[in-house]
Amino acid sequence: MFPPAHEAAQQAQLRQLHPALRKVWILAGLLTAGFVVLIVGVVEHFWWVGKESWPLPDYALTVGVLVVFVVKAFVTAFWRYQSWRYAIRPHDVLLHYGMLWRTRSCIPRLRIQHVDIESGPIDRAFGMVKLSLYTAGTASAVGTIPGLLPEDAEALRETLLATERADG
Amino acid sequence: MGSEPAPAADAPQLRRLHPATVFVGIIRKLGSMIYLIVIALVMRLVGGGEGDWFEYFIAIIVGLSGGLTLTRYISLRYGFDGDRLVIRSGIFQRQVRTIPVERIQNINFKRNVLHRWLGVVDVKIETAVAGQTEAELSVLSVKDADELRHELLRRKHGEAEGPDAAVEAEEVWTTTLKDLLIVGATENRAGVIVAALAGAYYTFYDIAKKLWGPVEEQIKEYVEALLGAGLHTAVLVAVVGIALLILAGWIVSIVLTVVGYYGFTLRRRDDRLRRRYGLFTQVMTVVPINRVQVLRLEAPILRRLWGFFTVYAETAGSAGDKESGGVTPLGPLVRRRDIARFCRLAFPDFDLDQVQWKSVSRLTIRRGFFRSVFGLLGLVGLLMLVDQAAAPARGGPRFGLTLLWGIPVALGLSACWAWARYRALAYAELGMFVLARAGVWTRKIWIVPQGKIQSVSLGQSPFQRRLGLAKLGIDTAGSRFLSGAQITDLPYEVAVNVQDRLSQIANAEGLWLPDGV
C-alpha cells in the first residue's frame with residue numbers, strides 16, 4: 001500500500017534510509033527494554049515474588065515484559081524503516097514516514113533556513129547521522145531524516161543550501 | 001531621569017532606565033507570585049500565627065527582586081549606534097545586545113495602573129525570532145519611550161515622524177462598549193471557570209475542611225435524601241447547580257473582556273496597524289502589515305449565530321508574546337458584512353466575499369459520527385452506573401430506563417454533530433490566498449497568503465487511512481503549535497495534489513521578505 005502509485009510514476013526518486021539504521025533502532029529498543037525490565041524485575045522481586053496473593057509464577061511478569069519489549073524493538077525497527085521514504089525534488093524535500101500515523105511532508109527548498117547534522121552515541125556506533133531541516137515555521141525542526149551516512153548527509157546539505165536564489 | 005541631552009550626530013548616546021524601575025520590578029514580582037502569597041497568607045491566618053515565617057517570605061521576595069532590579073537599573077544603558085539598537089546590561093555578567101534596526105519589527109508599549117501613576121512605560125522590542133521578545137526595557141519614562149520609537153522609525157524608514165504621529169495615523173477601527181459586552185458574553189469560557197473553581201477547591205481543601213466539616217455533613221445527608229427521592233430529582237439539582245456555576249463564569253467572562261479590551265482602537269499609518277486597548281492595563285502594539293502571516297477568523301457558536309467574528313492576525317516572531325501574537329485580536333468584534341472590508345486592512349488584495357468554499361470528503365461524516373458516538377455512549381454508561389447506584393434506594397427497574405432513552409439520544413446527537421461538522425469543514429483558493437475552515441462549537445477560518453507558507457504536511461490516522469482521508473496542515477511562521485491552518489478530511493489524492501501545488505508555489509521567490517518570512 002506504499003508508496004502511493006502516482007508518486008512512483010512521478011520523477012521523484014524515493015529513497016530509503018540506510019539499512020544500518022535498523023540496527024541503531026534495534027539497539028536503542030533493546031536498551032530501553034533492558035531498562036524497563038530492570039525496573040519491573042526489581043519491583044517484582046521485592047514486592048510480589050513468593051507472596052501467596054500473586055497469581056503468576058515467579059518472575060513471569062519480568063520475563064513477559066522482556067519478551068514484549070524485545071519483540072517490539074525488532075518489529076518497530078523494521079516497520080519504521082520500511083515506512084520511511086524521502087526524495088529531493090526540484091522544488092521541495094519530500095518526506096514520508098510513520099507506522100500507524102502516517103505523515104507526508106513537503107518542505108519547499110527555498111524556505112529552508114538552516115540545516116543541522118547530528119548524531120547520538122548509538123548512531124555513531126553504526127556510522128549514522130541525522131539531518132534536520134529548519135524553516136521559519138512553527139515546528140522548529142520541520143523535518144528530520146534519521147539514517148544517513150555522514151558523507152551523504154553532507155552532500156545533501158550542500159545541495160539544499162545551494163538552492164538559495166539559484167532558481168525560483 | 002539620567003538621560004543625556006540631544007545626541008550629537010554619530011556618537012551613541014546611551015540612556016538609562018527610569019528610577020521607578022526598582023519599585024515597579026518589586027511590585028511585578030509580588031504580583032506574579034500572588035497565588036503563592038495568598039495561599040501563604042491564608043495558611044498563616046488559619047494555622048495560627050506561630051513564627052514570622054510569612055514576613056520572612058515576603059522580605060526575601062522583595063529583597064531578591066529588588067536587588068536584581070536595582071542591578072539592572074544601575075547597569076542598563078541603551079541607545080542607537082548607526083543602524084543598530086544597543087542595550088548594555090549587567091555588572092558581573094555583562095551583556096551587550098545588538099539588534100540591527102531593520103530586524104526590529106515592533107516596539108510595543110504596555111502600561112498598567114501602576115505605570116500610569118508613575119508616568120512610565122514597559123517597552124518590548126520584537127524581531128522575527130519566533131516566540132520571544134528580543135529585548136525589554138522596563139521601565140522608561142513616557143518621553144524616553146516615545147523618543148525611542150520616534151528614533152527607531154526615523155532610522156528604519158528615514159521619515160521624520162513627529163512624536164504626535166499617532167494623531168496623524170488614520171483611525172480605521174473602534175470597538176464600542178456594547179461590542180465588548182457581546183464578545184464577553186459569547187465567549188466559550190464557562191468550562192475554564194469551572195475547572196479553575198475545581199482547582200481552587202482542591203488547593204484549599206485542607207483549610208476548607210476545618211471550616212467546613214459540619215456543613216459537609218449536612219450536604220451529605222441532603223444528597224442522600226435526594227438520591228432516595230429519585231434519579232431525576234438528583235439530576236435536576238445537579239443541573240441547576242452547574243447552571244449557576246456557568247452563570248457565574250459567564251458574568252466573570254464579560255467583566256474580564258470589557259476590562260481587558262476597553263477602548264480597543266486600530267489605527268493605520270502606511271503599512272503599520274497600531275492597536276491600543278485596555279482599562280487598567282493599557283497596551284499599545286504595532287502590527288506591521290507585511291509581517292502578518294495568517295489571518296484567523298474565529299467565533300464561538302453564540303457569537304457566530306449572532307452575526308459576529310473575531311479577527312486575529314498571527315505575526316512572525318510573536319507567537320510567545322500574548323500581546324501581539326495570535327492571542328490578542330486585531331478586531332474583537334466584526335460584523336459579518338464588515339469582515340471582508342476588515343480583512344483588507346491586513347491583506348489589501350483579498351476579497352472574502354469572492355471566496356468559493358469547497359467541501360471535504362463526505363466520508364468525514366462517518367468519522368465524526370464514530371468519534372462522537374464513543375464519547376456519548378460512554379456518558380450513557382456513566383449515567384447507567386449512577387442509576388444503578390441509586391436504584392436500591394428508590395426501587396423500580398435497574399437498567400431499563402436509562403438505556404431506553406440513552407442510546408437513541410446518543411446516536412441521534414452523534415448523527416447531527418457529524419453532519420454539522422462536515423458542513424463546517426471546507427477549503428478554498430482565491431488568487432494568492434489559501435483558506436481553510438473548520439469547527440462547530442468554535443468556527444475557525446484561516447486565510448493564508450501563498451507567500452507565507454513555510455511547509456505543508458499531510459497526516460493520516462489509521463482510521464483516516466482506511467477511509468482514504470487525510471488532514472493537511474499549512475505551516476507558517478508565528479502560528480502557535482496546533483492552531484495553524486488545517487484542512488481536515490480531504491480525500492487522499494486531492495490532499496496530495498493540493499500539498500504538492502502549495503509546496504511549489506511557496507518555493508517561488510519574491511513572495512516574501514528577505515529573511516524568509
Hey, what do you get for CG (B:Asn507) to SG (A:Cys106), rounding to the nearest 0.5 Å?
11.0 Å
Just wondering, do B:Val456 and A:Arg104 contact through their side chains at under 4.5 Å, heavy atoms?
no
Any carboxylate oxygen within less than 4.0 angstrom of a Lys/Arg side-chain nitrogen, looking at A:Arg111 and B:Asp475?
no
Closest-packed option against chain A by number of heavy-atom pairs under 4.5 Å, given B:Pro462, B:Gly459, B:Ser457
B:Pro462
Quick one: of B:Ala495, B:Ser455, B:Ala470, who has the most non-hydrogen atom pairs under 4.5 Å with chain A?
B:Ser455
Can you name the residues that form a ring-ring contact (aromatic ring centres under 6.0 Å, His included) with A:Phe69, not counting sequence neighbours?
none
Can B:Leu458 and A:Ser105 be said to form a side chain to side chain contact (heavy atoms under 4.5 Å, CB included), step by step?
CA-CA 6 Å; B:Leu458 184 158; A:Ser105 190; over 6 Å; no
In this structure, are over 12 heavy atoms from other groups packed under 6.0 Å from A:Phe35 atom CZ?
no
d(A:Arg102 CZ, B:Ser461 OG) to nearest 0.5 Å is 12.5 Å
Check against side chain to side chain contact (heavy atoms under 4.5 Å, CB included), B:Gln454 and A:Val142
CA-CA 9 Å; B:Gln454 296 289 329; A:Val142 71; over 6 Å; no
Does a side-chain heavy-atom distance below 4.5 Å link B:Asp500 with A:His91?
no
Decide if atom CZ of A:Arg22 counts as having more than 12 heavy atoms of other residues, nucleotides or ligands within a radius under 6.0 Å.
yes
Flag yes if more than 12 heavy atoms outside A:Arg124 fall under 6.0 Å of its CZ atom; otherwise flag no.
yes
Are there over 12 heavy-atom neighbours, none belonging to B:Arg501, within less than 6.0 Å of that residue's CZ?
yes
Which distance, rounded to the nearest 0.5 Å, do you find between the CD of B:Gln460 and the CG of A:Leu100?
12.0 Å
